[in-house]
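The structure appears below as structure tokens.
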Amino acid sequence: MRLDDLTIPDTPACRGAYEVAARYHTPSLLNHSVRAYLWAAAYAKANGIAFDAELLYVSAMLHDIGLAPEFDSHTVPFEEAGGHVAWAFCAGAGWSAERRQRACEVIIRHMWDEVPVADDPEGHLLELSTGMDISGRRTDDIPAEVRKEVLALHPRLELAKEFTACVTEQGARKPDSLAGRFVRAGIAERIARNPLDRPQA
């Protein structure tokens with residue numbers, strides 16, 4: 001499998017979501033958002049999982065928008081804040097109320113331990129792909145050529161350092177959130193050991 005084999009949707013909503021991510025994220029977090037979609041799409045193709053490419057792409061671009069200072073919430077976890085931003089964005093894009101809610105759900109669920117693929121294929125794929133990219137979980141499931149091409153086009157930059165700082169700060173301010181639970185469970189150590197940050201053969 002190669003990068004050219006993947007479905008990368010090009011719709012007004014997808015272009016707008018990328019523009020929002022580029023405007024409010026650091027280069028490291030923007031590249032992470034792009035990789036989250038690409039790892040998900042590659043895994044789906046390799047495992048025969050049908051998914052809504054536009055919905056997954058928009059959700060991937062906006063899944064960490066709640067970490068941006070402009071959208072950070074002091075009352076709800078960052079993934080819930082991001083879900084609300086996605087709902088509003090998708091309303092502006094003309095999506096139906098049901099489809100807006102799906103984007104919100106996919107973003108909130110990316111922090112879950114597991115999302116059943118039969119119930120929510122897009123949520124399953126984003127939860128899996130963000131785990132791959134942040135903590136290095138199941139990176140062997142990324143096809144080798146896709147991994148090499150994607151990391152060359154969308155390098156990791158300072159993601160480990162930046163995301164560790166973000167999730168640690170979120171966990172300190174919102175100890176009852178999933179971010180808080182992840183911090184207590186040693187997410188910083190897993191981020192530091194991510195095999196995607198080692199030189200690729």
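Bear in mind the structure is a predicted one, so any value in this text is a computation, not a measurement.
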Checklist entry - So which of L196, I187, T130, N194 actually passes side-chain contact (heavy atoms from CB on, under 4.5 Å) with S135? => result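 Testing S135 for a side-chain contact (heavy atoms from CB on, under 4.5 Å) against L196, I187, T130, N194 leaves exactly one candidate, I187.
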
Checklist entry - Can you name the one residue among D4, L3, L38 that meets side-chain contact (heavy atoms from CB on, under 4.5 Å) with E149? => result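 It is L3, the one option of D4, L3, L38 that forms the side-chain contact (heavy atoms from CB on, under 4.5 Å) with E149.
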
Item to check | Check against side-chain contact (heavy atoms from CB on, under 4.5 Å), W95 and R102 | outcome: CA-CA 10 Å; W95 287 17; R102 284 289 297 120; over 6 Å; no

Between [X] and [Y] (salt bridge meaning N to carboxylate O under 4.0 Å), is one present in this structure?
{"X": "D52", "Y": "R99", "value": "yes"}
{"X": "K148", "Y": "E145", "value": "no"}
{"X": "R109", "Y": "E127", "value": "no"}
{"X": "D197", "Y": "K161", "value": "no"}
{"X": "D141", "Y": "R138", "value": "yes"}
{"X": "D72", "Y": "K174", "value": "yes"}

Drop me the distance from [X]'s [atom1] to [Y]'s [atom2], to the nearest 0.5 angstrom.
{"X": "F163", "Y": "E158", "atom1": "CZ", "atom2": "CD", "answer": "15.5 Å"}
{"X": "H110", "Y": "S129", "atom1": "NE2", "atom2": "OG", "answer": "9.0 Å"}
{"X": "H154", "Y": "S33", "atom1": "NE2", "atom2": "OG", "answer": "11.5 Å"}
{"X": "W39", "Y": "I142", "atom1": "CH2", "atom2": "CD1", "answer": "4.5 Å"}
{"X": "L56", "Y": "Y37", "atom1": "CG", "atom2": "OH", "answer": "6.0 Å"}
{"X": "W87", "Y": "I108", "atom1": "CH2", "atom2": "CD1", "answer": "13.0 Å"}

Checklist entry - Looking at the rings of H32 and H63, which for Trp means the six-membered one, are their centres under 6.0 Å apart? => result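 Under 6.0 Å, so yes.
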
Taking all heavy atoms of [X] and all of [Y], pick out the closest pair and write down the distance.
{"X": "A160", "Y": "T164", "result": "O-OG1, 2.7 Å"}
{"X": "L62", "Y": "A17", "result": "CD2-O, 4.1 Å"}
{"X": "A42", "Y": "M1", "result": "O-CE, 3.6 Å"}
{"X": "L30", "Y": "A21", "result": "CD1-CB, 3.8 Å"}

Checklist entry - If you draw a 6.0 Å radius around CD in E98, do more than 12 non-hydrogen atoms from other residues or ligands fall strictly inside? => result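 No, because the 6.0 Å sphere around CD of E98 holds 12 heavy atoms or fewer from other groups.
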
Next on the checklist: Counting only heavy atoms from other residues, nucleotides and ligands, does the tally under 6.0 Å from OH of Y18 exceed 12?
Outcome noted: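 At most 12 heavy atoms, drawn from other residues, nucleotides or ligands, come within 6.0 Å of this atom.
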
Side chain to side chain, [X] and [Y], heavy atoms closer than 4.5 Å:
{"X": "H25", "Y": "D64", "result": "yes"}
{"X": "R184", "Y": "P175", "result": "yes"}
{"X": "R100", "Y": "F89", "result": "no"}
{"X": "Y43", "Y": "M132", "result": "yes"}
{"X": "V183", "Y": "E169", "result": "no"}

Say whether, by atom type as modelled, one donor and one acceptor occur between the side chain of [X] and the main chain of [Y] under 3.5 angstrom.
{"X": "R190", "Y": "A185", "answer": "yes"}
{"X": "N31", "Y": "S28", "answer": "no"}
{"X": "H124", "Y": "P116", "answer": "no"}

Checklist entry - Would E54 and T11 count as a side chain to side chain donor-acceptor pair (under 3.5 Å) if you check the C-alpha gap in whole Å, the side-chain angles of each, and the deciding distance to 0.1 Å? => result CA-CA 7 Å; E54 182 184 51; T11 67; 2.7 Å; yes

Next on the checklist: F71: which residues meet the ring-ring contact (aromatic ring centres under 6.0 Å, His included) condition with it, sequence neighbours left out?
Outcome noted: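 Only Y24 meet the ring-ring contact (aromatic ring centres under 6.0 Å, His included) criterion with F71.
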
Consider only side-chain heavy atoms of I, L, V, M, F, W and Y, link residues closer than 4.5 Å, and tell whether [X] and [Y] are in one cluster.
{"X": "I107", "Y": "V20", "answer": "yes"}
{"X": "L6", "Y": "Y57", "answer": "yes"}
{"X": "I134", "Y": "L67", "answer": "yes"}
{"X": "L153", "Y": "L159", "answer": "no"}
{"X": "W112", "Y": "I65", "answer": "no"}

Considering only distance and modelled atom types, tabulate donor-acceptor pairs under 3.5 Å from the side chains of residues 75-86, sequence neighbours left out.
from : atom 1 : to  : atom 2 : distance (Å)
T75  : OG1    : S73 : OG     : 3.0

Item to check | Audit row: E122, S59, side chain to side chain donor-acceptor pair (under 3.5 Å) steps and yes/no | outcome: CA-CA 9 Å; E122 295 80 21; S59 300; over 6 Å; no

Item to check | Listed once per pair and sorted, the salt bridge (Lys or Arg N to Asp or Glu O under 4.0 Å) pairs that draw on residues 12-36, sequence neighbours left out | outcome: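 Sorted pair list: D10-R15, R35-D133.
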
